[in-house]
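Below: one structure, written as structure tokens.
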Amino acid sequence: MIASTGGVCRLAPVLRGAGWIVPFALLLASCAPAGPDRAASEVLEKVLEQHRASIAALDTTPRPPPRSATHRLAPGSVAALLGQTQEAVLAALGPPARRRPEGQAEIWLYQGPRCALDLILYRDRATARVAWAAARASGTERETEAGCLTELGAG
């Protein structure tokens, strides 16, 4: 790291990444000699103080995502969708990304960033109802069924 020998500070080449700035400033300030070179130490102390103020201004406290006007109450499971009418599904999840008629049925696809939901709706008299539903992860990441429905319900 830093070693002080004879009033001279030496820096070992082990500092990598952005996390070294504060420790470097502290160690360098401790190597500053007393007397006329005190001005350099004061400059480093000011730099350190400004760096701390910058970090405090970032305020990295996690906050819940804002609820948008398009946020809907998603069902808790795919099984809760079974038997639901077309209108109930649209109210919960909004319009699907794709709709495809298939004989007496209609296939709906909901696509999110991390998952997809497939629905098959059959007409029961004049009303289309969900007869089959399946949620699946997209890509290599794991996604729970409830997490997928929450993601899709968020719009």
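If you chain together ILVMFWY residues whose side-chain heavy atoms come under 4.5 Å of each other, Y122 ends up grouped with I107, I120, W132.
Applying the side chain to side chain donor-acceptor pair (under 3.5 Å) test to S77 and every residue at least two apart in sequence or in another chain returns nothing. Under the salt bridge (charged side-chain N to carboxylate O under 4.0 Å, His left out) criterion, E145 pairs with no residue, sequence neighbours left out. Remark: E143 engages R114 in a side chain to side chain donor-acceptor pair (under 3.5 Å) (not counting sequence neighbours).
Distance check, rounded to the nearest 0.5 Å: CG of D118 to CD of Q111 gives 9.0 Å. Between atom CG of residue L119 and atom CG of residue L82 there is a gap of 9.0 Å, rounded to the nearest 0.5 Å.
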Side chains of residues 86-103: which donor-acceptor partners sit under 3.5 Å, not counting sequence neighbours?
residue, atom, partner, partner atom, Å
R100, NE, E102, OE1, 3.2

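The heavy-atom pair separating G112 from S138 by the smallest distance is O-OG, 4.5 Å. When all heavy atoms of V130 and A133 are compared, the pair lying nearest together is CG1-CB, 4.2 Å.
No side-chain donor-acceptor contact under 3.5 Å links R136 to the backbone of A116.
Pairs engaging residues 91-130 under the disulfide bond (SG atoms under 2.5 Å apart) rule: C115-C148 [sequence neighbours left out].
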